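To start, the structure under review is shown below, and the notes come after it.
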Amino acid sequence: LRPCVSEVVAAGAFQPYLRLNYLVKAVPLDLAESEIGALLGFIRQPRPAGFTELQWGSVVNDIEEILTTQRVPSGRVARALSSIRRDPAAPAVLRDYALQHLGGFCIHLVRTAGGDRPGFFPGMLAEVAEAAGKRDDPSAGTAINLLDGILRAAEETGRPVPGLDPDRVVALALPLAADQAAPLNARLPALQAAARRGSPEALAV
């Protein structure tokens, strides 16, 4: 491992939060697979004793951001994010960050990979869409916003995403926005997404 990665994974858990934050910022975007694996192992460990939940969540979020914007996209990262997202024992904040980075990874690939998206792209997209359909989960609103963001990236670059269009975003967003039993912090992003897509039914909601 290069020193900038080794310092994070070997000593990061014993560093003060601000020092670790500084070390993470130095991790480059041309990581080898071994370095990606080491960083994934680091963020999958239990929260170190010296960190609050918010501090550790911030560190994990920053590392996931680096891993999903590598110059060479890694399917290993996609699988790890999916695993964290689906792990019932993982803290809710880390599961939500994993979902956000699955969607962010999709957006990054739409913007940078053109039509040559890697084979793991459809699986990530399907996972975000699945989360958008869970009306009892507060992160459903986040997922709908991510789908809309992926669609906007496709529209801006002129690179369509098979299976994703405005009608699908609205079809997922409207029932959630109108469901008074759903969490409010899921309903509001859903309503915003439907309204951005010009849905007349959104006005009634």
Side-chain angles (χ1 to χ4, degrees), residues 43-44 46-47 52-65 67-69 77-111 117 120-156 160-205:
I43 65 173
R44 293 306 306 270
R47 173 169 57 88
T52 67
E53 185 173 344
L54 285 176
Q55 287 173 338
W56 184 241
S58 173
V59 169
V60 170
N61 180 64
D62 287 350
I63 291 176
E64 289 176 347
E65 174 95 24
L67 292 175
T68 55
T69 54
V77 173
R79 292 190 295 273
L81 291 172
S82 176
S83 177
I84 295 169
R85 167 67 186 157
R86 294 177 178 275
D87 181 1
V93 65
L94 296 188
R95 295 181 67 203
D96 193 59
Y97 281 146
L99 173 64
Q100 290 178 39
H101 286 293
L102 281 167
F105 204 172
C106 287
I107 292 170
H108 176 70
L109 290 172
V110 170
R111 292 191 184 283
R117 294 162 200 150
F120 58 83
F121 178 88
M124 291 197 300
L125 181 65
E127 184 145 357
V128 176
E130 179 190 17
K134 294 181 176 179
R135 293 194 210 170
D136 58 343
D137 188 336
S139 64
T142 299
I144 286 173
N145 259 342
L146 289 167
L147 288 177
D148 192 49
I150 297 166
L151 182 57
R152 286 201 307 275
E155 292 166 340
E156 289 164 6
V161 174
L164 184 62
D165 56 34
D167 288 344
R168 186 178 185 195
V169 171
V170 171
L172 284 166
L174 268 180
L176 176 58
D179 186 352
Q180 297 192 23
L184 188 61
N185 56 344
R187 295 181 66 198
L188 288 174
L191 179 60
Q192 290 169 338
R196 276 197 302 268
R197 291 291 159 187
S199 166
E201 293 89 343
L203 290 173
V205 176

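For the numbers below, each heavy atom of this structure counts, side chains included, while hydrogens, waters and symmetry mates do not. This is a predicted model, so every value here is computed, not measured.
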* Asked: Do the non-hydrogen side-chain atoms of Ile144 and Asp148 ever get within less than 4.5 Å of each other?
  -> no
* Which is it for Arg197 and Leu151 under the side chain to side chain contact (heavy atoms under 4.5 Å, CB included) test, yes or no, and what are the steps along the way? -> CA-CA 11 Å; Arg197 291 291 159 187; Leu151 182 57; 3.5 Å; yes
* To do: Please examine the side chains of Thr68 and Leu81, heavy atoms only from C-beta on, and report whether any two atoms are closer than 4.5 Å.
  => yes
* To do: Spell out, as yes or no, whether a donor-acceptor pair under 3.5 Å connects the side chain of Arg117 to the backbone of Val110.
  => no
* Are side-chain heavy atoms of Phe105 and Leu102 found at a separation under 4.5 Å? -> no
* Nearest heavy atoms of Leu147 and Ala132, plus distance in Å -> CD1-CB, 3.9 Å
* To do: Considering only NZ, NE, NH1 and NH2 on the basic side and carboxylate oxygens on the acidic side, decide whether Arg85 and Glu64 come within less than 4.0 Å.
  => no
* Residue pair Phe120 / Leu109, side-chain heavy-atom distance below 4.5 Å -> yes
* Are any of the side-chain nitrogens in Arg44 or Asp87 under 4.0 Å away from the carboxylate oxygens of its partner? -> yes
* To do: Report the C-alpha separation of Val205 and Glu201 in whole Å, then their side-chain angles, then the decisive distance to 0.1 Å, and conclude whether the side chain to side chain contact (heavy atoms under 4.5 Å, CB included) test is met.
  => CA-CA 7 Å; Val205 176; Glu201 293 89 343; 5.7 Å; no
* Please report the C-alpha distance between Arg152 and Val169 in whole Å, then the side-chain angles of each, then the deciding distance to 0.1 Å, and finally whether the side chain to side chain contact (heavy atoms under 4.5 Å, CB included) criterion is met. => CA-CA 11 Å; Arg152 286 201 307 275; Val169 171; over 6 Å; no
* Structure fact -> For Ala186 and Pro138, the nearest pair of non-hydrogen atoms, with its separation, is CB-O, 3.6 Å
* **Beyond-backbone contact of Phe121 with Val161, side-chain heavy atoms, under 4.5 angstrom** => yes
* Identify the two heavy atoms, one from Ser82 and one from Glu127, that lie closest to each other, and give their separation to 0.1 Å. => OG-OE1, 2.7 Å
* To do: List the atom of Arg95, the atom of Ile84, and the distance in Å for their closest heavy-atom pair.
  => CG-O, 3.5 Å
* Shortest non-hydrogen contact between Ala154 and Pro160, atoms and distance -> CB-CA, 4.3 Å
* Quick one: do the Glu65 and Asn61 side chains pair a donor with an acceptor below 3.5 Å? -> no
* Check for a donor-acceptor pair, side chain of Thr52 on one end and backbone N or O of Gln55 on the other, with a separation under 3.5 Å. => yes
* How close do Val93 and Glu53 get, heavy atom to heavy atom, and via which atoms? -> CG1-OE2, 3.6 Å
